[in-house]
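Below, chains carry the letters A, B, ... as their sequence lines are ordered, and counting in each starts from 1.
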Amino acid sequence: MPELPEVETIVQDLRPQLAGRRIESVQLTRDPAIRGRLVRYPKAATFIRRLRGRTIRSVERRGKYLVMPLDKDGERLVVHLGMTGHLRVWEPEEAPVKHTHFRALLDSGLELRYDDPRQFGRLLLGTQEALIAGRAFPARLGPEPIHGDLTEAEFDRIVKSRRRPIKAALLDQSFLAGVGNIYADEACFRAGIRPSRWTHRLTGRERRALYSAIQEVLENSIAARGSSIINYVDAFGLRGTNQEKLLVYGRSGEPCIKCGTPLQGTRLAGRGTVYCRKCQR
DNA sequence: CTACGGACCTGACCGC
DNA sequence: TGCGGTCAGGTCCGTA
């Protein structure tokens with residue numbers, strides 16, 4: 001569900017609510033199956049024990065991961081929202097929504113809660129090295145596509161380094177961190193490139209167009225507080241507005257915004273894919 | 001290295 | 001109302 005812009009929005013919202021706050025108590029769902037799925041590292045019981053009493057230093061983002069460095073020893077609380085995860089701060093007396101699996105009472109008197117109907121998300125606690133060693137966090141995560149971290153030369157290099165359909169590359173988090181199904185399709189459309197095009201066959205001009213398009217779609221979406229398609233909401237429970245600006249995603253069969261040709265829906269890299277047969281070559 | 005399919009879950013939606 | 005099938009912003013694993 002959440003890609004880079006949605007996670008970035010949540011990070012920005014949570015930062016003032018969480019930075020400097022101490023975690024007074026921690027509650028995890030009692031269902032052992034859900035616990036095991038949700039808490040990937042360390043074991044659930046250890047996770048609870050080690051998290052209690054810790055102070056959240058800051059709230060950051062790496063790709064689609066929320067990263068919260070804790071006081072001392074380089075440990076961090078890491079959250080991936082999967083498809084349907086929500087992380088937000090509630091008044092303790094508010095009734096928890098269905099599928100609330102994790103709650104942490106803060107010294108501000110408010111409560112940080114995680115809910116996730118599909119249970120694809122996860123919670124991790126440890127140093128960067130421990131999480132990688134425990135295979136809970138990817139050892140190779142690609143560069144951040146925005147905020148000037150990725151140069152055009154570097155993008156060029158990684159696109160040319162492997163041969164695969166460009167959309168498969170964009171979705172691969174070890175290639176580029178944070179792009180998912182929505183923004184991969186949107187970026188390809190803006191760049192005029194078919195998602196099925198082979199990476200090593202893109203021209204220099206096409207690579208440059210794609211580089212700009214990726215940054216454009218991500219930055220525009222952050223400015224609109226993310227795309228709410230099915231159930232994404234920000235850290236205040238509010239929908240973003242970028243879905244209104246999506247040019248191809250979710251518009252299969254509808255007319256192309258540029259040329260009017262019905263948009264083509266297909267399957268690529270195992271994911272629903274939409275593009276314009278005429279505008280994207 | 002790559003690609004493909006399936007697995008992991010719930011829930012919304014559609015046609016019958 | 002109900003039932004089955006399909007689909008969904010994501011990853012991960014096994015198999016070719």
Side-chain angles (χ1 to χ4, degrees), chain A residues 1-10 29 31-41 61-66 78-87 97-101 114-124 131-132 134-142 158 160-187 195-196 198-200 214 217-218 220-222 224-234 239-246 248-253 265-274:
Chain A
M1 154 247 230
E3 303 182 30
L4 186 155
E6 291 74 34
V7 177
E8 179 66 24
T9 301
I10 291 167
T29 177
D31 184 329
I34 298 181
R35 279 188 171 214
R37 269 194 290 276
L38 184 63
V39 181
R40 291 300 172 84
Y41 188 94
R61 182 189 58 71
R62 175 76 175 101
K64 300 175 192 170
Y65 291 84
L66 283 111
V78 176
V79 178
H80 193 293
L81 302 170
M83 291 274 254
T84 53
H86 299 117
L87 188 66
V97 298
K98 198 176 176 186
H99 304 298
T100 296
H101 307 308
Y114 180 76
D115 71 86
D116 187 357
R118 289 180 73 181
Q119 305 163 35
F120 286 170
R122 49 211 144 139
L123 307 181
L124 319 169
L131 295 181
I132 290 172
R135 288 199 224 156
F137 191 90
R140 287 173 43 230
L141 197 51
I158 61 180
K160 285 189 281 191
S161 71
R162 301 194 216 146
R163 48 180 59 194
R164 51 207 306 207
I166 185 61
K167 175 159 176 183
L170 295 178
L171 291 176
D172 180 347
Q173 301 298 295
S174 71
F175 171 89
L176 197 60
V179 175
N181 205 32
I182 294 180
Y183 302 106
D185 278 8
E186 292 298 313
S196 55
W198 245 249
T199 44
H200 64 287
I214 290 167
V217 296
L218 296 177
N220 287 349
S221 183
I222 291 170
R225 304 187 53 75
S227 302
S228 292
I229 307 294
I230 299 174
N231 56 13
Y232 163 75
V233 288
D234 65 24
R239 292 164 57 84
T241 61
N242 192 66
Q243 62 278 12
E244 295 154 22
K245 296 174 187 144
L246 299 178
V248 285
Y249 181 86
R251 298 192 62 241
S252 172
T266 180
R267 217 147 173 94
L268 185 51
R271 316 293 303 276
T273 300
V274 186

Looking only at non-hydrogen atoms, find the nearest pair between A:D116 and A:G121 and report the distance.
-> OD2-N, 2.9 Å

Integer-rounded Å distance: C:dT11 P and A:L124 CG | 13 Å

What are the atom names and distances for every N/O pair under 3.5 Å that joins the protein to nucleotides 12-16 of chain C?
{"residue": "C:dC12", "atom": "OP1", "partner": "A:R122", "partner atom": "NH1", "Å": "2.5"}
{"residue": "C:dC12", "atom": "OP1", "partner": "A:R122", "partner atom": "NH2", "Å": "3.4"}

Looking only at heavy atoms, what is the nearest atom pair of A:D185 and A:V248, with distance?
-> O-CG2, 3.6 Å

Interatomic distance, A:D172 CG vs B:dC1 P [rounded to whole Å] | 11 Å

Upstream residue (5' side of DNA chain B) when A:A168 and A:A33 are each assigned their closest nucleotide = A:A168

Can a side chain N or O of A:H80 be found less than 4.0 Å away from OP1 or OP2 on C:dT11?
-> yes

A:K64 side chain near C:dT11 phosphate (N/O to OP1/OP2, under 4.0 Å) | yes

Would you mind telling me which of B:dT10, C:dA8, B:dC1 lies closest to the side-chain atoms of A:R162?
-> B:dC1

Which of the following nucleotides, B:dA3, B:dG11, C:dG10, is nearest to the side chain of A:P165?
-> B:dA3

Nearest whole angstrom, please: distance from the C1' of B:dT10 to the CG of A:D31.
-> 14 Å

Please give, in whole Å, the distance from C:dA8 P to A:L268 CG?
-> 13 Å

Could you tell me whether A:R162 and A:D172 make a salt bridge, using a distance below 4.0 angstrom between a side-chain N and a carboxylate O?
-> yes

Return yes if a side-chain donor-acceptor contact under 3.5 Å exists between A:Y183 and A:S221, otherwise no.
-> yes

Using the criterion of both pairing distances under 3.5 Å for Watson-Crick and G-U wobble pairs, give all stems of 3 or more consecutive pairs involving DNA chain B.
-> B:2-8 with C:10-16, B:10-16 with C:2-8

Can a donor-acceptor pair under 3.5 Å be found between the side-chain atoms of A:R164 and the base atoms of B:dA3?
-> no

Length of the CG-C1' vector between A:N181 and C:dC7, whole Å = 12 Å

Carboxylate-amine/guanidinium proximity below 4.0 Å for A:D115 and A:K98 = no

Would A:K167 and A:T273 count as a side-chain hydrogen bond (donor to acceptor under 3.5 Å, both in side chains) if you check the C-alpha gap in whole Å, the side-chain angles of each, and the deciding distance to 0.1 Å?
-> CA-CA 9 Å; A:K167 175 159 176 183; A:T273 300; 2.8 Å; yes

